[in-house]
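Take a look at the structure set out below.
Below, read A as the first sequence line, B as the second, and so on, with proteins coming before strands; counting in each chain starts at 1.
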Amino acid sequence: QQQVKQSPQSLIVQKGGISIINCAYENTAFDYFPWYQQFPGKGPALLIAIRPDVSEKKEGRFTISFNKSAKQFSLHIMDSQPGDSATYFCAASKNTGNQFYFGTGTSLTVIP
Amino acid sequence: DGGITQSPKYLFRKEGQNVTLSCEQNLNHDAMYWYRQDPGQGLRLIYYSQIVNDFQKGDIAEGYSVSREKKESFPLTVTSAQKNPTAFYLCASSIGTGNYNEQFFGPGTRLTVL
């Protein structure tokens, strides 16, 4: 059973546009929500993360929006660039646990 | 340079053979992890280790084995009991377990069973 559901599976955006990737979870014990970026043939790297005590976190062009009541969180990439083309994974975990639960990934392509 | 190394990058194996994937880190991290990545399924945890000589099964441990004899090394053996071993394998490490600790990933090993 997928603990974290991610959509869309793939996304094509024009350069300068906004990319939006959504994730949803059921386990209310989750309290840490990172996003990872993976380029082809490489391992994922942490992009940005949020805890549920805030509704939004912004780092440069990347923003996480978090809706605790809806159990949803999303990644927004503003002014998308071709260099942002990669696969993005959302994840969730419990502070008392040792495991990250990853979404199925979104392949983002930014067209010049 | 500090980081995680995995070798080999590509690995081919015949059915029925065991194969060991290497993972080494020089970040002085206590915790290490092995994930399997398949298209459309994200990353799934195989095994993790919080400390030397200790490791725990993840969600898909069947057909795999690990050892943690040294802090910097966490090799994964894919045994012949693993029914569908062809996949991309990722090793990761973190300062400790507990979810606020960022996991750092290696470049991965792509295993193909012929």
Side-chain angles (χ1 to χ4, degrees), chain A residues 1-11 21-25 27-54 57 59 73 75 86-107, chain B residues 2-10 21 23-25 27 29-51 54-61 68 87-110:
Chain A
Q1 183 183 359
Q2 195 72 32
Q3 296 262 1
V4 179
K5 297 181 179 179
Q6 183 172 348
S7 64
Q9 185 174 354
S10 62
L11 182 61
I21 305 170
N22 300 300
C23 286
Y25 64 97
N27 192 336
T28 55
F30 288 151
D31 65 352
Y32 180 65
F33 304 91
W35 284 90
Y36 279 80
Q37 180 188 54
Q38 183 181 30
F39 293 104
K42 306 292 185 183
L46 180 65
L47 186 63
I48 187 173
I50 196 168
R51 300 180 194 179
D53 52 343
V54 295
K57 184 174 182 180
E59 289 184 3
F73 58 110
L75 176 69
T87 299
Y88 293 82
F89 293 95
C90 60
S93 65
K94 298 175 281 188
N95 189 36
T96 54
N98 303 305
Q99 185 167 348
F100 281 57
Y101 297 91
F102 286 86
T104 51
T106 295
S107 176
Chain B
I4 302 175
T5 56
Q6 291 186 243
S7 61
K9 188 175 178 68
Y10 298 97
L21 281 59
C23 177
E24 303 278 332
Q25 55 98 358
L27 299 168
H29 285 173
D30 286 318
M32 297 187 73
Y33 311 80
W34 273 106
Y35 291 91
R36 171 181 171 140
Q37 185 175 12
D38 296 283
Q41 294 197 50
L43 281 68
R44 293 181 291 167
L45 184 66
I46 304 172
Y47 269 97
Y48 66 94
S49 169
Q50 301 180 62
I51 198 169
D54 179 72
F55 47 83
Q56 307 294 328
K57 292 182 179 180
D59 294 329
I60 56 166
R68 187 85 187 277
F88 189 51
Y89 291 86
L90 288 160
C91 179
S93 70
S94 64
I95 292 175
T97 53
N99 66 355
Y100 298 159
N101 294 313
E102 177 184 350
Q103 291 191 10
F104 294 81
F105 285 85
T109 292
R110 186 165 298 279

Query - Point-to-point distance, once rounded to the nearest 0.5 Å, from CD of A:Q99 to CZ of B:R44 - result: 12.0 Å
Report summary line: Separation between CZ (A:F100) and CD (B:E102), nearest 0.5 Å, reads 8.5 Å
Query raised in the report: Using non-hydrogen atoms only, which part of A:P34 is less than 4.5 Å away from chain B: side chain, backbone, both, or neither?
Result: neither
Query raised in the report: For B:L90, is it the side chain, the backbone, both, or neither that has a heavy atom closer than 4.5 Å to a heavy atom of chain A?
Result: side chain
**Report entry** Results of side chain to side chain donor-acceptor pair (under 3.5 Å) for A:Q3 - residues two or more places apart only
**Finding:** none
Requested in this report: Tell me, for A:Q6 versus chain B, whether the close heavy atoms (under 4.5 Å) come from the side chain, the backbone, both or neither.
Outcome: neither
Query raised in the report: Is A:Y101 close to B:D59 at the side-chain level, that is, under 4.5 Å between some pair of heavy atoms?
Result: yes
Query raised in the report: Checking B:F104 against chain A: side chain, backbone, both or neither under 4.5 Å from a heavy atom?
Result: neither
Query raised in the report: Within a radius of less than 6.0 Å around CD of A:E59, do more than 12 heavy atoms belonging to other residues, nucleotides or ligands occur?
Result: yes
**Report entry** Aromatic contact, A:F102 with B:Y35 (centres under 6.0 Å)
**Finding:** yes
Query raised in the report: Out of curiosity, B:F105 CZ to A:L46 CG, how far, rounded to the nearest 0.5 Å?
Result: 9.5 Å
Report summary line: Most heavy-atom pairs under 4.5 Å with chain A, out of B:A92, B:G108, B:P107, belong to B:P107
Query raised in the report: Does any heavy atom of chain A fall under 4.5 Å from the side chain of B:Q37, the backbone, both, or neither of them?
Result: side chain
Query raised in the report: Based on non-hydrogen pairs under 4.5 Å, which of A:G43, A:G105, A:P44 is most in contact with chain B?
Result: A:P44
